[in-house]
Amino acid sequence: MSEVRLQVKNLCKSFGITKAVQNVSFNVNKGEVHALIGENGSGKSTLTNMLTGIYSIDSGTFVLDGKEIHPKNQVEANEEGVSIIVQELGTLSGLTVAENIFLGHEDRFVHFGIKNTNAMNKEATELLHKYGFDRIKASDIIDNYNFEDRKLVEIVKATYFDPKIVVIDETTTALSQEGREELYKHMNRIRESGNTVIFISHDLPEILDKSDTITILRDGVYIDTVKSADVNEDDLKRLMVGREVSGDYYRADYGEKVSDEVVLSVKDVTVPGLIEDVSFDLHKGEILGFGGLSESGMHEIGKAIFGASYDRTGKVVLADGTEINDIPTAIKHSIAYTSKDRDNESVVLNQSIGDNICLPSLDDLANKAHMLNDKKLKEFSNKFAKQMSVKMVNVDQFVSDLSGGNKQKVVLARWIGKDSDIVVLDSPTRGIDIKVKQDIYQLMNQMRKNGKSIIMISEELMELIGMCDRIIIMKDGKLSGELERSPELDENSLITMMV
Amino acid sequence: MGSKKLSGSTKGYLILLGLVVLSWGIFKVLSPHNFGSAANMLNYFQASLIATVGAVGFYFVMVMGMFDFSIGANIMLSAIVGCVFATKFNLGYVGLIAGCIICGAIVGVLNGIFYVKLRIPSMIVTTGLALIYESVANYIAGGVEQTLPANLRMFGQMPGDIILAVLACVAAYIFLNYTKIGTYTYAIGSNEFVAKNMGIDVNKYKVLAFILSGAFLGVMAILTISYGSSMVAVTGMASMSRNFVPTMGCFFGLAFKKYGMPLQAIVIGEFVINIIFFGFIALGAPTAIQDVITGLALLIIITLTTKVTKGEIVK
Amino acid sequence: MENQVKTNTEQKEQQLKKLSKMSMIRALLPIAGLIVVFLVFNVLTNFRMMNNMSLVLSQVYVTMIAATGVFFIMTMGGLDFSQGSILGIASIVVCMLSKISIPLAIVGGIAAGAAIGAINGYFYVCRKIKSFIVTICTMFLFRGFIKYLTTNAPVTGSALLINYDSTALKVTCTVVVLVIGFVLFRFTKFGTYLKAIGAGEKAAMFSGIRTDKMKFLIYVLAGAITGFAAFINVIKVGSVTSSGGNQLETQILIALVLGGMPISGGAKVRFENIIVGSLLYIVLNSGLTMMGFSTQMMQLIQGVVFLVFVAVFADRQSLQVIK
Amino acid sequence: GGSKDTTTADSSSSAATETPAAATDNKDIKIGVSIWSSTDVLGSQCKLILDEAAKALGVQVQYVDQGHVSEKVTASVEQLVAAGCQGIIICNSSDTEMTSAIKTCNDNKVYLAQFFRVISKDNSADIYQMATDSAYYIGAVHEDEPANGEELVNILLEKGDRNIGLIGWEQGDATWLGRWEGYKAGVEKWNEANPDDKATLSEPQYAGTTSEGGSKAAEALMAADPNLDALIPAGGGGDPLQGAIAAVERAGKTQDIDIVSTDFLPDLGERLENGSMAGESGGHYCDPLIAFMMVYNAIKGNYTDFAGKFEDVPFPYLYVSSADDYKAYEQYFVDQLPYTDEELVAMSELDLAGLKEAAAKVSIEDAAARAGK
Ligand SMILES: Nc1ncnc2c1ncn2[C@@H]1O[C@H](COP(=O)(O)OP(=O)(O)OP(=O)(O)O)[C@@H](O)[C@H]1O
Ligand SMILES: Nc1ncnc2c1ncn2[C@@H]1O[C@H](COP(=O)(O)OP(=O)(O)OP(=O)(O)O)[C@@H](O)[C@H]1O
Ligand SMILES: [Mg+2]
Ligand SMILES: [Mg+2]
């Protein structure tokens, strides 16, 4: 009954030697939400980027409503009726909301070379009103709005002209629950109007819930297209990974007694606008989880402990009474931290793997005269890169060449090398596929057994439940509840505390 | 109380006008006799126009995050070409205006194309090209100063200079606010990658920015040679000393970008610098100290308008 | 499938090895360029350049010493256009103090340079103003001071200063600065930290580097180094006029870029950039002068050669956005 | 390009000195000119006459522009020596630079003479002594700047001007300082003689070397003193003067403000006529020619024994204060060079005393007389 909207035919794309998309063919129908899933690097973004003109096509074709399309950039794709909301931030600061919405389509408002700003603002205001985003003003500079609102502007930008296909590439991870609902609403609206959404997400329950059809890619190769109604999560995992994935990659133990020894206490910590009057203790050998909505302030907890948040008041004290107020002191006293913003705050992208691993340990590696020895550095970084099984040619390779998961491994290798006792992991498995996740969980478990204390901040409730001895839920910058490890714990009990 | 939420540009105007009043007030008190009459102020304003025009054009390049070290060489070359057109070829004002602006724009084209094609940082490319422009200017001038005769110096005084400068500023304002170029300039300055993905031909607009900037520097060249009446082609990068005044004006624009009024800030900012400059002259301060004052004033004003956010990355 | 994966990684390995070989070659390119240019000029001038090497080199010391400081600044992604004014002010201080005592003069020059560096650092680091804006402002500001101080006459140093003007001393000073710089940069954490700041400041900060302190100190250090270069300058020149040190910043920038230094700094900088670049700059300049071109022609050639060199040497792979 | 010289030229720097007498062929002689700029107005005039002289004598010249930046001045000497020059003439910016210049020349046995400049015997006694002692430093050809300054001030005072505005170019420039001294002396002398009719000289405004600088400085001076009736743009290559005149014209004060200067303008005749200029001194672009001849003869071995000597060659200014004066000047110094090739060769054959005499004699009349015969 459903008509074909888009035919993907024998599509290929390589980046140098990486075959990102290999001979992929499938159909997308009208009036459906068509999910695209696969592990990291399986080619999802590459595929949709070709569809929307961001990447050029090596070979193969897209046939949209019977017509071959070859957009060269996003504007041309828009003209064909295809739009995209990209994984990263897609709005430009310095421009007004209206300018962002109509970027590349100004010609409609240009007469004799002069742009009619009023007409543009007026139309943008109408659109925003139609979408129910009245609080966003068309003539405002976009910088006045937060990430979430900017994503909403992107939704308007991508959908106002009723495109035949809207691609939504991992947008949900960036949004709060509220924003997600907003997005789902519009996905629905698009579907109802007979148009199509191509939806990319790593959140399998979300995929199952929101999509009609699911196409699975693996290593750039097309695997299958299934109806959401016919499959469950385990089926999808199997299709993605290519083998049976057992559900038990979290730690299996329950009821182990956590030591009473407090290694770190957070006392009355406040960061204006983010967290308010937070106090808790971390014990030796414990995995302490923090859960909550993205805006709940839980990400700031990690920074506050690591001395990386400004305007912090209150105290972060170690067992021996040392107060932690800045990063170097934190590192010196054996605290490690991996940020959610991996590319900016964790790895130095344009530097070698070796230097990245050695960076915090240089003081320890230097001899008495503060001299460093290349060989020693190389041995050191090699050892920990190997231990973390970083996929690399050698440690001289730049981190920017690595995939997301491998970057995360480099960060972990750095802190294992530093032999930190307190490890703060913010979203350690964000954007990482199942294999690497498993590795990371095993590592955390190992560290715990070795007496290290871990704080894990995560938006993924399942991993909190699976890994933590204790879970603290945050809401509006405050602690809103605490849960002990137990096999009975389920997501719902957490969610009720979060919202 | 009521003004708790002033709009950005109102705030910007208040700051700038405050600066005008403040600088005027201080020197008026210190040196009431020979400073700050209405006629004087008009003079100061006129004196500020030359650099303003260049700065306003250069802003397009600067906002995109690029830089240009050939400003001075461009002004010198354009002024000489314009003067040669006007006098040797007997083209009068048409020659002067067309010669300067077209030459400026051509220099802009070259800057842009070399930058885009060679993919070398603009700072470096323009340094190399400045050497070449100086040399070319010298070949054209042949070691003789190019003098604009008195009957061609309309743009060196009232009202010619004001008319030309106002026209130029209005043109810049229109380009920035009422054409695609303005939007794309900010888009590219904000994030080149995203801009490219949006279908903006980044390279084309970069070259366009250089051309615009070059043409405005050409206008600045008209004003410069009309004001001073002659231009000599210096070599050995001596033309670089002309870079800084327009560049400093641009810093004003950048500092006030967040208030949504960069061009206005350049105009008023250059005016303030000139008020201070002439204020010190009125006080009889040695000229050398005026450089100190200019540098310091700018630094302080930028410091005051820059919000210090901890942990922010500034290069 | 398994096999394919294997060959895939092997291929990749080879490609990466090739890439790293390429970048090695790229790093060697300026050195090769220096040698070629040197040979070409020698042939063209009947080996006069070789015979007069000490004279040719005598112009390199100040640039090379000052470039060392700027190299550190640029490694961490900053810029410094106030170097010429620093050299001017420091030279004035050296001249004035030289009448009291020479060691005091050296210390004074270094202190003056460091003080200006500290001013740069304060506005850049503490007030968060872009480094090129700050340093262009301070360049202007201190040029004004230099003009003021030299209004009635050039500032002359003690007559004793000339006694120090020997090639041996200048070479020794330069080598000492370079060796200390090299050891610091290459064999202590200092260099790695600088490169990390240049490659990703935020991540560097999260790795425990006190980036603000580091940035501030580097500006002070660069000022101090140029303050020391002022001594070398003064023993030769003997006095400072209002244009003292003019355009040193541009010379340094050109020299470093000729030496293959990426302008945005980061992990790909090499200490050799300083030496190769400064030498290349001087050899090009002296060579073209020796060829006897007119000023205009020489400048034209200089501009073209400079662009060609940069176009050939520039490593564009590491720069995704070129500003 | 002068790179075609044969192998003899290569060892010439040493050869020239070991066997100084006539052993050197003219075509192997290379004379270096270290000049602030060979491309600006005065600089290119100097270059013109030097090129002419070199052509007449069949020697090579090589220019290095140093912009009067001290480091570059000293470096220029090294570059010229390295380029194989056997003699160098230099227009330095500060006396102390000469220490290094003389040292470089001594070390490499290259002759050196200054033009437009002389080491101050009083202020830089050490350096003067070093120059005197040097066997390679010949001497200096220079104008009497204080006298020049005084002369210009007198032209103004006689015209009845009492409020004189002063425009300098670069702070601390030796020539400027000399002229300034002269202006001050002229005004002081006048005030002593006429206590009831005192004249004032403003603090200088600095214009750099651009015409806008001159314009701005003139405007500032006019704004600061409404009674200003005279301006002295002291020099700077002619552009500051142009700018100052433009500013005066713009202000409509051409008749009220008299201008004197030391850089000749292309339309000076007209200006002297219409009163926008009151007087000029100039013609000094021949000064480097004398220095050139000194160095040339030293290389040839004609002039010897410089150790213990300091040849101080004063060079006269030409003063022009009427349109007729200028017409003559234009004829002999602008439209043509004041010396023909033969005269240049003849000049090169003079002995040192004769050369000094020729220098002292430079004037419009002299040029006219020579052209007339
Ligand atoms: N611009 C590029 N240059 C080189 N390789 C690239 C580029 N973009 C993607 N790749 C590679 O192509 C492959 C497919 O990447 P793609 O971004 O499509 O994956 P994805 O399925 O979207 O993954 P994720 O879930 O992490 O977003 C990966 O191996 C990736 O490293
Ligand atoms: N932007 C890029 N440019 C060049 N090569 C890249 C780029 N991104 C990724 N690669 C290469 O592609 C390879 C595969 O990356 P991909 O993202 O598919 O890894 P992955 O197997 O998904 O790993 P992970 O699960 O850790 O993300 C990487 O090893 C890397 O060398
Ligand atoms: Mg990946
Ligand atoms: Mg993706």
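When reading the values below, keep in mind they use all heavy atoms of this one structure, side chains included, and skip hydrogens, waters and symmetry mates. Each chain gets a letter, A, B and so on, in the order its sequence line appears, and its residues count up from 1.
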(message) Under 6.0 Å between ring centres: does that hold for B:Y44 and B:F35?
(response) yes
(message) If you compare all heavy atoms of B:G160 against all heavy atoms of B:F155, which two are closest, and at what distance to 0.1 Å?
(response) O-CD2, 3.6 Å
(request) Against chain B, label D:E249 side chain, backbone, both or neither, depending on which of its atoms sit under 4.5 Å from a heavy atom there. (result) side chain
(request) Go through the atoms of D:P204 and report whether side chain, backbone, both or neither lie under 4.5 Å from a heavy atom of chain B. (result) backbone
(request) Please state whether the side chain, the backbone, both or neither of B:F277 comes within less than 4.5 Å of a heavy atom of chain D. (result) side chain
(request) Carefully, step by step, assess B:N74 and B:S78 under the rule side chain to side chain donor-acceptor pair (under 3.5 Å). (result) CA-CA 6 Å; B:N74 185 356; B:S78 300; 2.9 Å; yes
(request) Examine whether an atom of D:Q205 lies under 4.5 Å from a heavy atom of chain B, and if so say whether it belongs to the side chain, the backbone or both; otherwise answer neither. (result) both
(message) Please classify the contact between D:D239 and chain B as side chain, backbone, both or neither, with a heavy-atom cut-off of under 4.5 Å.
(response) both
(request) Could you check which of B:G156, B:G228, B:A233, B:P149 has the highest count of heavy-atom pairs closer than 4.5 Å to chain D? (result) B:G228
(request) May I ask you to decide whether D:K55 forms a salt bridge with D:E52, counting only side-chain N to carboxylate O separations under 4.0 Å? (result) yes
(request) Pick one of side chain, backbone, both or neither for B:D291, based on which atoms fall under 4.5 Å of a heavy atom in chain D. (result) neither
(request) Under 4.5 Å heavy-atom distance to chain D, tell me which part of B:S31 shows up: side chain, backbone, both or neither. (result) neither
(message) Please identify, among D:E219, D:E203, D:Q171, the residue contributing the most non-hydrogen atom pairs under 4.5 Å to chain B.
(response) D:E219
(message) What part of D:K216 gets within 4.5 angstrom of chain B, counting heavy atoms only: side chain, backbone, both, or neither?
(response) both
(request) State plainly whether the residues D:E212 and B:R242 are in salt-bridge range, i.e. N to O under 4.0 Å. (result) yes
(message) Under a 4.0 Å threshold between the charged nitrogen and the carboxylate oxygen, would D:K327 count as salt-bridged to D:D335?
(response) no
(message) Tell me the closest heavy-atom pair linking D:M277 and D:V260, and the distance in Å.
(response) CE-CA, 4.2 Å
(message) Among D:S215, D:G243, D:P226, which residue has the highest count of heavy-atom pairs closer than 4.5 Å to chain B?
(response) D:S215
(request) Select one option (side chain, backbone, both, neither) describing which atoms of B:F278 are under 4.5 Å from chain D's heavy atoms. (result) side chain
(message) Under 3.5 Å, is there a donor on one side chain and an acceptor on the other for D:Y63 and D:D51?
(response) yes
